Amino acid sequence: MAEKKNNYDVGSIQALEGIEHVRKRPGMYVGGTDIKALHHLVYEVVDNSIDEALAGFCTSINITIHSDSSVTVEDNGRGIPVGPHPSKKDANGKPMETVDVVMTVIGAGGKFGGGGYKVSGGLHGVGISAVNALSEWMTTEIKRDGKLWKQEYKRGVPQGKIKQIGKTEKDENGTKQTFKFDKQIFTEDIDYRFDTLVQRFREMAFVTRGVTIKFVDERAEREMTFYFEGGLTSFVRYLNRNRENLHPVVYVEKEMEGIGIEASIQYTDAYTESVYSFANTINTIDGGTHLTGLRSSLTRVINDYARKNGLLKDADPNFSGDDTREGLTAIVSVKHPNPQFESQTKVKLMNPEVQTHVTQAVAEGFSTFLEENPQAARAIVAKCLTSARARDAARKARDLVIRKSALESLTLPGKLADCSERDTSKTELYIVEGDSAGGSAKQGRDRHFQAILPLRGKILNTERARLDKILGNNEVKALISALGTGIGDNFDLEGLRYGRIIIMTDADVDGSHIRTLLLTFFFRYMPKLIEEGHLYIAQPPLYRIAHKNTVKYVYSDKEKDKAIKELGEKVNLQRYKGLGEMNPDQLWETTMNPGNRTLLLVTIDDATEADRTFDMLMGDAVDPRKKFIQTHAKSVRNLDI
Ligand code: 0RA
């Protein structure tokens, strides 16, 4: 007999198939099973609460990581509705519980009816059901209409029916989600990182004005609370906390064709640009139409103002985008009912109409500000003029250096100890800090395929930020000619003389400083080298542990403690403060021998971070620099810079 076809949506079957699919292909839903994906679980759950806040129903979100690494996200929103869902049916044709639809039907999303749109949205916008499917267990507690409800799930599957477990005050509504990520899925030895989560929650609080986000980490008894009365304006003030600003923050807010647009703008005397863009609370790190709109609008408004007020003469060319970007700190945030992203990873906003709207909104707001604040306007134009002149001078200097280094690269630098192999798939260049470590490396290496280039202590003592200066530096010139690729627009990967470029520095403050410099240099002048996976960081050991006749090298304090515990107390412990303390054989054995060593591959993300750090290290403000160096000195091994 043919099965009777139902005309309703069989939600429970859909849910089971969905859960299975999420567990089979987590990559399609949360981007994988690594630490990044793990954090996305938290973001996905918090996004639901942010949505309630954006809809105007929630003012407080509490996030707690418990000691077993389960996570609770509690909000004071409306609470998930309790009762039968209007359309989804179970296999027997009975309505499903609404909570089970929200928590188990993949792609069901949160909201239905009521006309509200989902504006925040996790990485893949798949909703909380994907998190549920990837959790060993999850519980949902709902406060609504004076009642407290609880429903439990195991690996995405409801455990019975939602139950009332108590009463609440009349107006006490909200949703509390607790989940424990499933070790069957996340098989790597990973856990949540406080700093990563803090950064994201801070951003969420900035772009969701009026919401208080409290974050408690019970694993280490730390907590942080974010509330920004001023929203984006607070964000800009925060970013500029260590810079000298040229005027008060300019804030623009407008709604156009159902799209919410907000921007905050402030110029400082810095040389760099700090601009961030958000679409539906997601940090669009690759920018998009909202960012393009903001930038082009600022350039146009400043040019118009400067012309109109005789600050740019007829003979002067217009300011370029680069000129109006120096010293700019700005945030643009849009809330769009139908955002289009370049890819699933939501890092670039593509909606073309957003550019027009943002351009217009910023043009109106910013030109009004300039008209009403002539002193600020003059300061901004003066800053752009200085940038334009400096850029011109730097261009000339750089062209000269590039032309010269092209000639110089025909001769290899004298300090380079080259290898005999010519096949670049086999060759390596170690960039070593300091002459003494350079000496050990030269003696310890396998000269067949390993070349050594020692760099003197500080490559550059100049405190000021123009990286162009670095190109004139002898050490850097030596590096450029050793690599053979040229730099900037003249970069040609074909010329590369070594397949692996390995930065080998001490695990101390100076070492981290030099590494930041080198990473920044490669990022700005040879990004292809990083993109193509040629740049590495060597991992020298932190300790040598001798016990009876054996010697063991360990690379972290944790490893050291473990080793000492295993070997018993009678060990001879030596801490390496620098590469120079190792003899050539030890250096080879621990750090250079391909059979034993660990190399960290540098990614563009690492380099971007270094680039930012570089600006901080080289910037005007002395105090934050000191603080940075002190607080990061211990963690240099983690490439956390
Ligand atoms: C479905 C419908 C409504 C709210 C929610 C879901 C909701 C989901 C989550 C998840 C975490 N916090 C949440 N808060 C609300 C609308 C309810 C209504 O119209 O009253």
Side-chain angles (χ1 to χ4, degrees), residues 9 11 14-15 29-30 40-64 70-88 95-135 137-153 156 158 162 168-180 197 200-201 204-205 208 210-215 280-282 337:
D9 208 351
Q14 213 183 320
Y29 298 87
V30 294
H40 284 310
L41 301 183
V42 182
Y43 305 153
E44 196 70 57
V45 177
V46 176
D47 277 342
N48 288 273
S49 304
I50 289 282
D51 254 3
E52 278 293 284
L54 290 172
F57 298 106
C58 161
T59 55
S60 154
I61 303 171
N62 292 334
I63 302 140
T64 309
S70 62
V71 176
T72 296
V73 178
E74 181 170 19
D75 68 50
N76 64 349
R78 286 168 294 182
I80 299 174
V82 178
H85 189 270
S87 61
K88 295 264 190 246
M96 275 177 82
E97 267 298 333
T98 300
V99 68
D100 291 338
V101 175
V102 173
M103 299 301 294
T104 67
V105 179
I106 304 299
K111 308 297 155 65
F112 43 86
Y117 58 79
K118 186 168 169 59
V119 289
S120 78
L123 184 72
H124 300 91
V126 286
I128 216 159
S129 47
V131 179
N132 194 9
L134 298 174
S135 294
W137 53 264
M138 185 155 188
T139 63
T140 303
E141 288 179 50
I142 298 165
K143 293 179 193 163
R144 217 176 139 105
D145 302 328
K147 291 175 183 152
L148 176 60
W149 300 86
K150 183 174 181 178
Q151 172 62 315
E152 292 176 290
Y153 302 88
I162 188 169
T168 66
E169 295 297 314
K170 206 172 169 327
D171 296 318
E172 203 191 346
N173 294 333
T175 308
K176 178 166 151 184
Q177 307 273 14
T178 305
F179 67 97
K180 169 93 194 283
L197 292 170
R200 170 82 178 160
F201 298 149
M204 286 177 151
T208 319
V211 72
T212 302
I213 300 182
K214 182 174 177 192
F215 176 34
N280 296 354
T281 79
I282 297 165

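Since this is a predicted model, take the numbers as computed values, not measurements. Counting convention: from 1, in listed order, for ligands and their atoms alike. Every heavy atom of this structure was used, including side-chain atoms; hydrogens, water molecules and symmetry mates were not.
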Working for side-chain contact (heavy atoms from CB on, under 4.5 Å), residues I63 and V71: CA-CA 7 Å; I63 302 140; V71 176; 4.2 Å; yes

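At a heavy-atom cutoff of 4.0 Å, ligand 1 is contacted by no atom of C58, backbone or side chain. Counting heavy atoms closer than 4.0 Å to ligand 1, residue R144 contributes side-chain atoms (C-beta onward) but none from N, CA, C or O.
F179 pairs in a side-chain contact (heavy atoms from CB on, under 4.5 Å) with only one of the listed residues (N132, T72, I128, V131), which is V131.
Nearest residue to atom 19 (O) of ligand 1 from E74, M103, R78 is R78 (criterion: closest heavy atom). Between atom 10 (C) of ligand 1 and the options V102, T140, N48, N173, the minimum heavy-atom separation is to N48.
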Residues 169-177 side chain polar contacts: donor-acceptor under 3.5 Å, at least two apart:
from : atom 1 : to   : atom 2 : distance (Å)
E172 : OE1    : E169 : N      : 3.1
E172 : OE2    : K143 : NZ     : 3.1
T175 : OG1    : I80  : N      : 3.4
Q177 : OE1    : T140 : OG1    : 2.8

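In this structure, E152 has no salt bridge (charged side-chain N to carboxylate O under 4.0 Å, His left out) partners at least two apart in sequence or on a different chain.
Backbone and side-chain nitrogen or oxygen atoms of D75 are examined, and one is located within less than 3.5 angstrom of a nitrogen or oxygen of ligand 1.
Proximity to I80 (heavy-atom distance under 4.0 Å) selects the following atoms of ligand 1: 7 (C), 8 (C), 9 (C).
A distance-only check finds no donor-acceptor pair linking the side chain of E74 to the backbone of N62 [under 3.5 Å].
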